[in-house]
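Okay, so here's the structure we're looking at.
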2 protein chains.
Amino acid sequence: MTALAVRHIAELCTCDPARGPAPGVIRDAALVARDGVITFAGPDAALDGHTVPADAVEIDARGSAVVPGFVDSHTHLVWLGDRGDEYAARAAGRTYEEIAASGGGIRATIRATAPASIDDLAGAARARARRMLRAGTTTVEVKSGYGLDHDAEMRQLDAAARLRADADVPDVALTYLPLHGVPDGDHSAYIDDVCERGVRNAASRAAFADAFCEVGAYSVEECERFFAAARASGLRPKLHAEQRSRTGGALLAARCGAVSADHLDHATASDLDALGSAGVAAVLLPGAALVLGGPPPPGRRALDAGCTVALATDCNPGTCYSESMPLMMSLAVATTGLTPAEALVAATTGGAAALALTDRGVLRPGCRCDAVILDTPHWVDLGYHLGGDVVRCVIRGGRAMVT
Amino acid sequence: MTALAVRHIAELCTCDPARGPAPGVIRDAALVARDGVITFAGPDAALDGHTVPADAVEIDARGSAVVPGFVDSHTHLVWLGDRGDEYAARAAGRTYEEIAASGGGIRATIRATAPASIDDLAGAARARARRMLRAGTTTVEVKSGYGLDHDAEMRQLDAAARLRADADVPDVALTYLPLHGVPDGDHSAYIDDVCERGVRNAASRAAFADAFCEVGAYSVEECERFFAAARASGLRPKLHAEQRSRTGGALLAARCGAVSADHLDHATASDLDALGSAGVAAVLLPGAALVLGGPPPPGRRALDAGCTVALATDCNPGTCYSESMPLMMSLAVATTGLTPAEALVAATTGGAAALALTDRGVLRPGCRCDAVILDTPHWVDLGYHLGGDVVRCVIRGGRAMVT
């Protein structure tokens, strides 16, 4: 049995709607956990001897705000190779689409990643995952997607699953993303294989099935066919939708009851209404929008449409090489119309919703004790201190990690 | 005597135009310094026993790129108080101008900062300056500007000067910025004092004189009068120009031969032409533009107009609380049209030009040995790895600093 008590927290952001306006702040608070599960989250003065186990590790958090651990619900963490050259080429005026058409983009990463061993893939992902934990992320979704080949996709999922054995990385949720890069010529043979062998073998590894619905990638019809097969194998759909253009992916996600629709930079009001009505989380990726120079994702509009909004890094080698959820919060406030409180909820509770995880993203009894102790008393510094490293200590499953 | 030899550098970015296209890269390079001054910067294979002192501290930089230390040429580092509340208020829809009109903004920081002691001011600035050094900044410009009172302004300059005694912060250049916040009612009595006592007493402390030329702050005529007095006392002009609106500040800076014109978000083509022709450095602050949601500063247009471009953080409690020059490079590439190479030159050579410092910002013999050793072999990761901490070691005046 392990127990933890974080005492005298300057501002405890519970992100619990029952605690009042977001982010549900309690001042001079305590957070207590036993065996990784929160047993108390409330005013420190309300703690008594009964709720703190005698053997609890105690942390004095005077002068610190505490927030839920970030849930980064959209990443492509398993890659090899480098695309710094494309970054420079885009800055010199080449578009994402031109680079992709000439064999760069996702195809370039597939060439470097598809042949790799599980060991090499896990090693590359681990370094990034460690940086994520140090920046406060306690749960990360990881996609395959750089295989364009059945076995390569499975190796990428297996590599990401290896991270579950590590204590110094976030908890991992897995997504099978076979429809990302596109094969030469006709897609149908590849999609046939994905819809047969692919989903069957992915279902024992991953929780979600994802596709890149975009001009130059996969059509709404192809994604819909894939979703049907994925569902039949027990995988829950997610979708890259309306990133570079409006293709109808958001409406597909709503129609199919996807867990989330991601990017949405070109989503219309009716797209967002449909997602809100269908209970599909809107995963916003403001880093990728910044890097690609497109319109920012629709934060305010998505909230107004009744969507659950999540923020994520999209960590990938092409359009957003970033592990930092605090930076995504800064960008969400600066570019998408979220308030700092909405951004914090989107980075925690919203991320959990986008992964259908009901045991985290909120600090209340019964939830996993995943939290971040800041080296400032003000939680708002998370976004306000642009590019600042305000993380003092990360708590993952009730254990305080050295960061 | 101290000596340093950094050997087998994967990519040495000299930022020396004599070394070819920016950023003047030499592969498998060495950098040698004696008493803080570079004695060799070239291919490692060209080193012989003569150029490396026998007692040199040697660093093996295999797998690392090395770049010049960043020169952050525009910061407001000396402040007390907190403006996280304004950050939240702006996100909820209030404008910078509305907040300023109701006593917030610069006025709020003046209330917290003007009464403070030199000790307290230096303490607050020191914490920020240490973070800057850790992020690779080896020279930082620091402005007064939160006094609106002669003695308070002098205390802020004296507090910043205290940092010169510290080894673990960047080298400091000082700027007297008395025309920043505005007094109630008529400005003229305050400006009279600034133009008499102010510039006389600032001249023994600072190198530069700066003003906020903006609607709601100081007019072109007021700034011009201040510049005349400042010059007579030996201070060189700099100017906050065309940030929130076009007021004619850039043309004033060109006409007065200012060292730099800063912000320029609303500068016209003829403004930039005038700056380019006059040899006035264009200091771009993409973080502040991002936070305030205005147009990005004119990176590409300023280069095309022949300006020397500098990037800086604008580190301040209102519009950009950031110490990170690598993040400014990411933002400059994403939003201002600079290439990664141009952004690196702007963050180093350009910053030095904006402070009229000819002994740094380039890695070549005779210059100060201020450099950053990265934990990646690719210098482009500085901007490409968005929010990533890619600094392995900072060298300041020829000494490797633990970061």
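For residues 82-91 of chain A, a heavy-atom distance under 4.5 Å to chain B picks out A:Asp82, A:Arg83, A:Gly84, A:Tyr87, A:Ala88, A:Ala91, given by residue number. Using a 4.5 Å heavy-atom cut-off against chain B, the contacting residues of residues 284-304 of chain A are A:Gly287, A:Leu290, A:Val291.
Chain A forms more heavy-atom pairs under 4.5 Å with one residue of B:Ala341, B:Pro317, B:Cys315, B:Gly387 than with any other, namely B:Pro317. Looking only at heavy-atom pairs under 4.5 Å with chain B, the residue among A:Gly337, A:Ser324, A:Pro340, A:Ala334 that has the most is A:Pro340.
Of the atoms belonging to B:Thr313, not a single heavy atom falls under 4.5 Å from chain A. When heavy atoms are compared at a cutoff of 4.5 Å, A:Pro326 does not approach chain B at all.
In this structure, A:Leu386 CG and B:Asp314 CG are separated by 11.0 Å, a value rounded to the nearest 0.5 Å. Atom NE2 of B:His385 is separated from atom CZ of A:Arg131 by 4.5 Å, given to the nearest 0.5 angstrom.
Remark: side-chain polar atoms of A:Tyr384 are not paired, donor with acceptor, to backbone N or O of B:Cys320 under 3.5 angstrom.
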